[in-house]
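See below for the structure under consideration.
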Amino acid sequence: MMQPGATGGVPPQMDQSAPPPQQQQPPQPWMMMPAQAPPLMWNQQAAPPPQQQQQQTQVPSQAPQMAQAPAQYAVAQPQSHDEIRTLWIGDLQYWMEESYLLNCFSQTGEVVSAKVIRNKQSGQSENYGFVEFASRAAAERALQTYNGNLMPSVEQSFRLNWASLGSGERRDDTPDYTIFVGDLASDVTDYMLQETFRGHFTSVKGAKVVTDRMTGRSKGYGFVRFGDESEQLRAMNEMNGMFCSTRPMRIGPATTKKNVGTQQPQQQYSKEQDAKRLSHLRGLELISAEMRSPLVHGLV
DNA sequence: ATTGAGCGT
């Protein structure tokens, strides 16, 4: 379709002679930020190198043959090998190469390598990649700090997660009990959605806001996964109409694309539950205020 | 925008 005819690794609509002035994202009071919250800036003349590298631009963790490592990237050495220190990163644009990823996290000073997964035949990006950090703690910091915040040079936010598959990490094989959440405000991120529910339900495994893959923008709905079916059902009743960010959520059963575990067919809440739910709406202002407070979890 | 798709040589 939209084949970018063998172009380099630069965003097409971006004027590289005049990079956009520092995509400053709001502080995101949702996140319990670590003390040092590095501003995500597109700086340090590490602009996307136009030269195409057919091999991955991984910075060698130990560089015996490369005495001089590219100095524009802050690259760290792995501090341990027995722990997961790699993050999965998704929603990548086709022009986002390893150099872009390295630059994204260079301020942490704890990036070891970055890799964009490409189709073996076509060489096209599969729109996801991996970023390896010096330690699990470093990866966790990056996950907490960057996830959901804006990526440099684009109006889309980081979609990060632990790299779990294929790296020996014990996968969570317990079934997921998922709910559908609609009517989401455009600024709601995975993390915000997750924390909104985690404040009320302990078995929340994660949440995902569905985004347009081209623009990275929210489609206004998402999913929340629970470990306990009882909490899933309770959430459908109790959280419907609750505010996340600036709008009340519309919650419903999630249609399971792949059947996870021995999940029962999602049941719709009954009329009486619906009425009961409406009674909750009276306390909505109160609750929404809580939801919007910086501490979205653990307070109620 | 109202039921996604996202794990590697």
Side-chain angles (χ1 to χ4, degrees), chain A residues 53-61 84-94 96-98 101 112-133 139 143 147-148 151 155-173 176-191 193-194 205-226 232 235-236 239-242 244-260 263 265-269:
Chain A
Q53 48 262 16
Q54 47 197 9
Q55 294 295 348
Q56 71 275 15
T57 318
Q58 297 217 53
V59 178
S61 49
I84 304 301
R85 356 178 278 277
T86 301
L87 297 182
W88 179 93
I89 180 168
D91 286 357
L92 297 181
Q93 303 286 337
Y94 68 92
M96 293 176 176
E97 304 177 338
E98 283 77 3
L101 295 181
V112 174
S113 67
K115 185 181 197 175
V116 172
I117 303 307
R118 293 181 176 84
N119 183 286
K120 207 60 173 186
Q121 283 77 24
S122 64
Q124 287 180 342
S125 170
E126 298 282 358
N127 306 107
Y128 71 91
F130 297 92
V131 181
E132 178 188 9
F133 290 85
L143 182 62
N147 203 12
M151 304 177 79
E155 32 180 281
Q156 77 180 68
S157 49
F158 282 101
R159 193 180 288 273
L160 294 165
N161 211 332
W162 288 106
S164 53
L165 308 179
S167 56
E169 167 115 325
R170 46 164 172 57
R171 239 172 312 174
D172 186 7
D173 53 352
D176 286 347
Y177 300 98
T178 306
I179 64 174
F180 169 87
V181 183
D183 278 356
L184 292 178
S186 58
D187 67 312
V188 173
T189 64
D190 292 355
Y191 189 70
L193 186 60
Q194 165 184 306
K205 287 184 176 180
K208 188 175 71 173
V209 175
V210 177
T211 57
D212 184 292
R213 220 171 63 110
M214 285 298 117
T215 66
R217 278 214 249 249
S218 168
K219 289 187 174 178
Y221 64 90
F223 299 89
V224 182
R225 300 177 355 251
F226 298 84
Q232 172 208 30
M236 294 212 307
M239 297 297 283
N240 195 37
M242 296 269 198
C244 183
S245 183
T246 58
R247 295 177 58 181
M249 299 178 286
R250 171 173 309 188
I251 297 181
T255 62
T256 60
K257 184 160 279 188
K258 59 178 182 184
N259 237 353
V260 189
Q263 192 168 174
Q266 321 274 357
Q267 65 182 34
Q268 195 74 256
Y269 31 77

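Every chain is numbered from 1, with letters handed out A, B, ... down the list of sequences.
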- Task: Have a look at A:S218 and say if it touches a base, only the backbone sugar-phosphate, or nothing, with a 4.0 Å heavy-atom cut-off.
- Result: base
- Note on the structure: So CD of A:Q156 and CZ of A:R213: to nearest 0.5 Å the spacing works out to 10.5 Å
- Note on the structure: Whole-Å distance, A:N240 CG to B:dT3 P, equals 16 Å
- Map A:G182 and A:A207 onto DNA chain B by nearest heavy atom, then report which one ends up closer to the 5' terminus. A:G182
- Starting at CZ of A:F223 and ending at P of B:dG6, how long is that distance when rounded to a whole Å? 13 Å
- Query: Taking only residues two or more places apart in sequence, or in another chain, which ones meet A:K219 in a salt bridge (charged side-chain N to carboxylate O under 4.0 Å, His left out)?
  - Reply: none
- Message: Ring-plane angle category for A:Y128 and A:W88, please: parallel below 30°, perpendicular beyond 60°, tilted otherwise.
- Response: parallel
- Starting from C1' on B:dG6, measure out to CD on A:Q156 and report it in whole angstrom. 14 Å
- Atom CG of A:D176 and atom P of B:dA5 are separated, to the nearest Å, by 17 Å
- Item | Atom pair distance, as rounded to whole Å: NZ in A:K219 and P in B:dG6 | 11 Å
- Query: A:W162 has an atom CH2; how far is it from atom P of B:dC7, in whole Å?
  - Reply: 18 Å
- Atom CG of A:N161 to atom C1' of B:dG8: distance rounded to whole Å? 15 Å
- Item | Interatomic distance where CZ belongs to A:F130 and P belongs to B:dT9 [whole Å] | 9 Å
- Message: Quick test of the criterion, 5.5 Å between centres and less than 30° between planes. Is A:Y128 stacked on B:dG6 or not?
- Response: no
- Is there side-chain contact between A:N161 and A:D190, with at least one heavy-atom pair below 4.5 Å? no
- Choosing from B:dT9, B:dC7, B:dG4, which nucleotide comes nearest the side chain of A:A163? B:dC7
- Query: Out of B:dG6, B:dG8, B:dT3, which nucleotide sits closest to the side chain of A:D190?
  - Reply: B:dG6
- Message: Taking donor-acceptor contacts at under 3.5 Å, does the side chain of A:K120 reach the base of B:dT9?
- Response: no
